[in-house]
Structures are given as C-alpha cells and as structure tokens.
Visitor: 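Structure in structure tokens, see below.
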Amino acid sequence: MSMFQRTAIALARSPGVGRAMRAMAARTPLAARFVGGADVDAAVRTAVRLREAHGIRASLFYLGEYVDDPEAIEHNVAQAVGACQALDLAGLDVHVSVDPTAIGYMRDDALGQANARRIGLAVRRPVGLGRDWMVLDMEDSSICDRTCALHRELLQAGVPAGLTLQAQRRRTPEDLAWAIRQRTSLRLVKGAFPERALDHHGRARIDQAYLDAASIMLSREALQSGFQPVFGTHDDRLAGVIMEMARERGWPPQAFEFEMLYGVRPDWQLALRRLGYNVRVYLPFGGDWWPYAVRRVGENPRNAWLLARTLTSD
Ligand code: FAD
C-alpha cells in the first residue's frame, strides 16, 4: 500500500474531518464523481440515466458500514429495502449490495440474519428475471466465515443472495468450489482488506490468484449449474484474459458481468459495453459519502484534484 493510499485512509477514518465533510452538501466535486445521489430517489435517477444512455446496470449500496447502534442499523435496512422498492418501480434490476456489518452483525448474528432476510424478501419479485440479487459484500476476516454462512442460509431460504469473494484471500478457491455449484451470483474482487497472515501479497501474486479464481468461475461445471460469474475489477488486462477464457469455454457474453465502481474508469465501462459485455456499476448513495469517496482518491493519485477542489470549495 502506497504512502498516498495510507494518507487517504487516515483522512477517511478521521472523525473530525468526516463530521465537517458530512455537513457539506453531498454534491461536492468528490461526491458527485463517486456517489450516485444523496438519497434513494437521486440514486435511482442516476441508475435510470446509466441504463437508458449506455445500457449499464446498477447495484445500489447505501453508505454506512461497521454500525452497532440499533437505530442506525434499522435505518440502513430501511434504506436497502426502500432501494429495492424504488428499483422495482423504475423497472430496473432489483439489485442491491449489502455490508453485513451495516445491518446488525456488529451487535449479534441473529439480528443480522433477520435483517438480511428482510432485504432479501424485498429483492424477490414474483417473476424472477435472473438479474435481481442482494449481493453480500465481503469485509475483513473477522466477518468472513459469518458472511459465507449467511450466504448459504439465504440461498437455502430461497432468497436470491449473491456473495463477494476476495482473490487475495488464500481460502477463496475453497469458498468458490461450493459456490459454483449453486444458482447464485458470485462477484470476484481483488480485495480491499489486506491481512498479512491470510492473504497473497504483491500485485503479480494477487493478479494471478484473481485469474486462477476466474478460471474456476468459468469452468464447465459452473456453466451448467446456472451460476452467474461477476468480475468486479477495473483492471483491463485481467478483463482481457477473462474475455478470452470465457470465449474459449463457451460462455456467452450475456452469461457473466463485469462490475465497476460508479465514477471509476467510466471510459472503460463504455468500451466494454461497446464490445457487447454486460457492465454493472456499484452505485453508492446516502449522506455518509466522505469515507467511501476519499478511499477512491487513495486508489489513484490522479483523483487528488477532486479532493483539492472539495476541500477548497465553499
Ligand atoms: P487495480 O489494480 O487496483 O486497478 C486497475 C486499474 O483501475 C488501474 O489502472 C487503477 O489505476 C484503476 N483504478 C482503480 N481504482 C481507481 C479509482 N478509484 N480511480 C481511478 N482509477 C482507479 N473489496 C472488498 O474487499 N470487498 C468487497 O466487497 C468489494 N466489493 C467491490 C465491488 C466492486 C463492484 C468493485 C469494482 C470493487 C470492490 N471491492 C471490494 C474493491 C476491490 O477489492 C479492489 O480493492 C478495487 O476494485 C481495486 O482493484 P482493481 O481490480 O480495480 O485493480
């Protein structure tokens, strides 16, 4: 991790800076780039615009993570349920991403499970289109086992639940071996919570682990089981290898997706659409935009001008 990225993470975690930033209008240059809207209606408008203008799909994510206050948990769950209802009304995929630590897992697992089911029930439509999912994000290792267990429970209960797995984590091939036999959606990411003892380290090792996992996800067994692979990456080199792998193994482009963060590499998102691939954006919304947006700055120094403009705007 670079010094620049470490500084951005420290800024993201600073309670004082966070309070000051949250008080500012959500349409600062930084928020406007990486956040889809201050509330669910604005986020759905953004999703409609992307779908109509470019055929890009969206997964709505209400900003707020690692919450243990009961009122804040209830608020997060209500926002996720509201997002499902608003997406349905707008005729879009009912697709939301959820952090287990935002919906009760910081207090007790039973509460988190009950809340996940509530959101899952809001996702499920009478006529399943196969693109409606509640996808569980993967956070740090303290919650990894419980997130995988929750995914299994939701699937058994008939909830269209997807899961995110991190290529950098050494256990991922084992988790994948189970998942590819299910009718589920599996989003593969490089991983944003590096931990020395549990992970692959270094760009080359992580990229190779990503491709190894992609190869499992694009196996013939997975193709036959109704499994939906999702490649959550902005890395065009990896995407190129994946496209080739999919073509060789008989995966039609409609059977898998590339997913990127809203505002990150929009040029590449459009290029993939023009090539005929499914593209989804992970579309965050809500007032708590600062920690999320400043982490995006840390990922690429070229975004520093957005931070500078935000900090100097009135
Ligand atoms: P990189 O090698 O980091 O980047 C590839 C290229 O994209 C480089 O050119 C880079 O400069 C550019 N790029 C990357 N980020 C930015 C940016 N912010 N601005 C401009 N250019 C940029 N991680 C988790 O641990 N758990 C999750 O649940 C999770 N969910 C995710 C969901 C989605 C849809 C995505 C896209 C990512 C998610 N992540 C999650 C984050 C992920 O783990 C990586 O940290 C992040 O995507 C960066 O890796 P990359 O694959 O894009 O490759």
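Keep in mind that the numbers below use all heavy atoms, side chains included, and drop hydrogens, waters and symmetry copies. Whatever order the structure lists them in is the order used to number ligands and atoms, beginning at 1.
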Visitor: List the steps and the verdict of side chain to side chain donor-acceptor pair (under 3.5 Å) for R171 and S141.
Guide: CA-CA 11 Å; R171 61 177 271 177; S141 63; over 6 Å; no
Visitor: Is the shortest distance from atom 35 (C) of ligand 1 to a protein heavy atom below 4.0 Å?
Guide: yes
Visitor: Taking the inter-plane angle between the rings of F256 and F231 on a 0 to 90° scale, is it parallel (under 30°), tilted (30 to 60°) or perpendicular (over 60°)?
Guide: perpendicular
Visitor: Who gets closest to atom 11 (O) of ligand 1 by heavy atom: N300, V135, V98, T233?
Guide: N300
Visitor: I need the atoms of ligand 1 closer than 4.0 Å to a non-hydrogen atom of V264, numbered in the order shown.
Guide: 15 (N), 16 (C), 17 (C), 18 (N), 19 (N), 20 (C), 21 (N), 22 (C)
Visitor: Report yes if R265 has an N/O atom closer than 3.5 Å to an N/O atom of ligand 1; otherwise report no.
Guide: no
Visitor: Can you tell me which portion of Q166 lies within the under-4.0 Å heavy-atom range of ligand 1? Options are side chain, backbone, both, or neither.
Guide: side chain
Visitor: For the aromatic rings, using the six-membered ring if either is Trp, is the centroid distance between Y62 and F285 under 6.0 Å?
Guide: yes
Visitor: In this structure, are over 12 heavy atoms from other groups packed under 6.0 Å from E244 atom CD?
Guide: yes
Visitor: Tell me the nearest of H234, K190, E139, R280 to atom 47 (O) of ligand 1, using heavy-atom distances.
Guide: H234
Visitor: Compute the shortest N/O to N/O distance between R296 and ligand 1 and return yes if it is under 3.5 Å, no if not.
Guide: yes
Visitor: When you measure from the side chain of H234 to the backbone of L261, do you find a donor-acceptor pair of N or O atoms at a distance under 3.5 Å?
Guide: yes
Visitor: Would you mind checking which non-hydrogen protein atom is closest to atom 15 (N) of ligand 1, with the distance to 0.1 Å?
Guide: E299 OE1, 3.5 Å
Visitor: Nearest protein heavy-atom contact for atom 41 (C) of ligand 1: which residue, which atom, what distance?
Guide: A192 CB, 4.3 Å
Visitor: Does a salt bridge link E74 with R118, judged by any charged N lying under 4.0 Å from a carboxylate O?
Guide: yes
Visitor: Answer yes or no: does an N/O atom from G232 fall short of 3.5 Å to an N/O atom of ligand 1?
Guide: no
Visitor: Answer yes when R237 and D207 have at least one side-chain N-carboxylate O distance shorter than 4.0 Å, and no when they do not.
Guide: yes
Visitor: Between R187 and ligand 1, which residue portion shows a heavy-atom distance shorter than 4.0 Å: side chain, backbone, both, or neither?
Guide: side chain
Visitor: Suppose I only count heavy atoms of R203 and a 4.0 Å limit; which atoms of ligand 1 are within that range?
Guide: 2 (O)
Visitor: Taking atom CZ of R273 as the centre, does the number of heavy atoms from other residues, nucleotides or ligands within less than 6.0 Å exceed 12?
Guide: yes
Visitor: I need the nearest protein heavy-atom contact for atom 26 (N) of ligand 1: residue, atom name and distance, please.
Guide: M138 O, 2.7 Å
Visitor: For ligand 1, is there an N or O atom under 3.5 Å from any N or O atom of Y282?
Guide: no
Visitor: Is N303 touching ligand 1 with its side chain, its backbone, both, or neither, if touching means heavy atoms under 4.0 Å apart?
Guide: side chain
Visitor: May I ask whether atom 23 (N) of ligand 1 is less than 4.0 Å from at least one protein heavy atom?
Guide: yes
Visitor: What protein heavy atom lies closest to atom 45 (O) of ligand 1? Include the residue and the distance to one decimal.
Guide: G191 O, 3.7 Å
Visitor: Using side chain to side chain donor-acceptor pair (under 3.5 Å), reason through H95 and S185 one step at a time and then give a plain yes or no.
Guide: CA-CA 11 Å; H95 199 300; S185 175; 5.2 Å; no
Visitor: Output yes when R107 and D69 qualify as a salt bridge under the 4.0 Å nitrogen-oxygen rule, no when they do not.
Guide: no
Visitor: Number the atoms of ligand 1 from 1 as they appear, then name those within less than 4.0 Å of a heavy atom of D137, with their elements.
Guide: 28 (O)
Visitor: Please determine if R57 and E259 form a salt bridge, counting it only when a charged side-chain N lies under 4.0 Å from a carboxylate O.
Guide: no
Visitor: Run down the list L261, V189, D236, L165 and name the one with the heavy atom closest to atom 40 (C) of ligand 1.
Guide: V189
Visitor: I'd like to check whether E259 has a polar contact with ligand 1, where a contact means an N/O of the residue lying under 3.5 Å from an N/O of the ligand.
Guide: no
Visitor: With a 4.0 Å cut-off, strictly under, does atom 32 (C) of ligand 1 pick up any protein heavy atom?
Guide: yes
Visitor: Nearest protein heavy atom to atom 4 (O) of ligand 1: under 4.0 Å?
Guide: no
Visitor: Can you get from V230 to V94 by hopping between Ile, Leu, Val, Met, Phe, Trp and Tyr side chains that sit under 4.5 Å apart?
Guide: no
Visitor: Does a sphere of radius 6.0 Å around CZ in R183 hold more than 12 heavy atoms from other residues, nucleotides or ligands, not counting ones at 6.0 Å or beyond?
Guide: no
